[in-house]
Number of protein chains: 2
Amino acid sequence: MDEPNPIIDALDLAGYQLTAPRRAVAGLIHSYGGHFTALELEAAARDRRLGVSRATLFRALELLTELGVVERIDLTTGEHAYVACAPAHHHHLVCSRCGRTADVEDSGVAEAVAQIARRSGYRIDSHRLELFGLCRHCQAKTNLSA
Amino acid sequence: MDEPNPIIDALDLAGYQLTAPRRAVAGLIHSYGGHFTALELEAAARDRRLGVSRATLFRALELLTELGVVERIDLTTGEHAYVACAPAHHHHLVCSRCGRTADVEDSGVAEAVAQIARRSGYRIDSHRLELFGLCRHCQAKTNLSA
DNA sequence: GCCACGTTGAGACTGAGTCTCGACAAACGG
DNA sequence: CCGTTTGTCGAGACTCAGTCTCAACGTGGC
Ligand SMILES: [Zn+2]
Ligand SMILES: [Zn+2]
Ligand SMILES: [Zn+2]
Ligand SMILES: [Zn+2]
């Protein structure tokens, strides 16, 4: 019943109260393997009768985003989605079919960014890279059905 | 009065009618050096009394996005913005101070992406890279005032 | 107990974008 | 030339995302 949840840990560590609504939202987010939209999260909270108001839900999302344990990504469709992840700089690899996301370390990206900075004369402070494709699992399924 | 406008050309080339509202929106977008939000575009259309309805404005944006001459980017603040650009794969370098954007060719990014694909086992179909920082101009200003 | 502060829920509000519908204009076919 | 089809438009309702205000409540500290 009380599985370890890094999201709750992060809240605790940052000195926030571990209230029931926050625990509920944290649990909900933790249960997603991939990305989720605000709408989905709202619906899930309603379905499970968590008794979390919309405002609190968004407040929790904002808080967790600041702590770096949740990130907002933008899908190719233009939709916004959120994804739980570790609070360190990295990028997201999103499966366009099943929504599963993988964290990606900086394999050569930092270098490319540095080169862009050199060529453009801009001082680059931050960047965001999102990658879309098919995870191994969905590739296999595609090959079978083809 | 009739400056060349690549946006209008793109509409023409794709076989769309060059109606007054479309010309108006195209002219408006063309006049921006950097990114603009939906709200700004709306306000600009209203101020100049272009007589373009909201629906048409968004329809035009959608159309131009499909044609690749306008792209939607996501600022660090979480805001959506649009930017006029050439219909080829490239990335955007956005000045966080003045909003000026520069197009960036793929300096080493493709390679990094290929490496990520190899390591992760995902089949990567597309990616999006957005870079934020200060343009030369704004760097100079910062140095002076510092 | 009192007070400060953090947190919450309800609900109004804004921004972004979509959708429907009726009008109109261009394109087309006879 | 007329009728039809297709493209485009404006108005306005609608949805979704997110923010804000405000009053209520709980948990401290003192
Ligand atoms: Zn992540
Ligand atoms: Zn998948
Ligand atoms: Zn561009
Ligand atoms: Zn600048």
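Side-chain atoms are counted along with the backbone in the values below, which use heavy atoms only and exclude waters and symmetry mates. We name chains A, B, ... by the order of the sequence lines, and we start the count at 1 in each one.
- Annotation: side chain to side chain contact (heavy atoms under 4.5 Å, CB included) contacts of A:Ala112 (sequence neighbours excluded): B:Val109.
- Every pair passing salt bridge (charged side-chain N to carboxylate O under 4.0 Å, His left out) that includes a residue from residues 123-139 of chain A is listed here, sequence neighbours excluded: A:Arg123-A:Asp125, A:Arg128-B:Glu130, A:Glu130-B:Arg128.
- When the local axes at the two ends of the helix from C:dG1-D:dC30 to C:dG30-D:dC1 are compared, using 5 base pairs at each end, they differ in direction by 20° after rounding to 10°.
- Taking the ring-ring contact (aromatic ring centres under 6.0 Å, His included) definition, one finds that A:Phe58 meets it with nothing, sequence neighbours left out.
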Protein and nucleotides 28-30 of chain D: nitrogen or oxygen contacts under 3.5 angstrom:
none

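- When the side chain to side chain contact (heavy atoms under 4.5 Å, CB included) test is applied to A:Thr65, the partners found at least two apart in sequence or on another chain are A:Val70.
- Counting only residues at least two apart or on different chains, the salt bridge (charged side-chain N to carboxylate O under 4.0 Å, His left out) pairs with a member in residues 36-56 of chain B are B:Glu42-B:Arg54.
- With sequence neighbours excluded, no residue forms a ring-ring contact (aromatic ring centres under 6.0 Å, His included) with A:His30.
- Annotation: salt bridge (charged side-chain N to carboxylate O under 4.0 Å, His left out) contacts involving residues 108-120 of chain A, sequence neighbours excluded, comprise A:Arg119-B:Glu105.
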When you compare the protein's N or O atoms with those of nucleotides 14-16 of chain C, which come within less than 3.5 Å of each other, and at what distance?
none

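- For B:Tyr16, there are no ring-ring contact (aromatic ring centres under 6.0 Å, His included) partners, not counting sequence neighbours.
- B:His91 pairs by the ring-ring contact (aromatic ring centres under 6.0 Å, His included) definition with B:His89, B:His127, not counting sequence neighbours.
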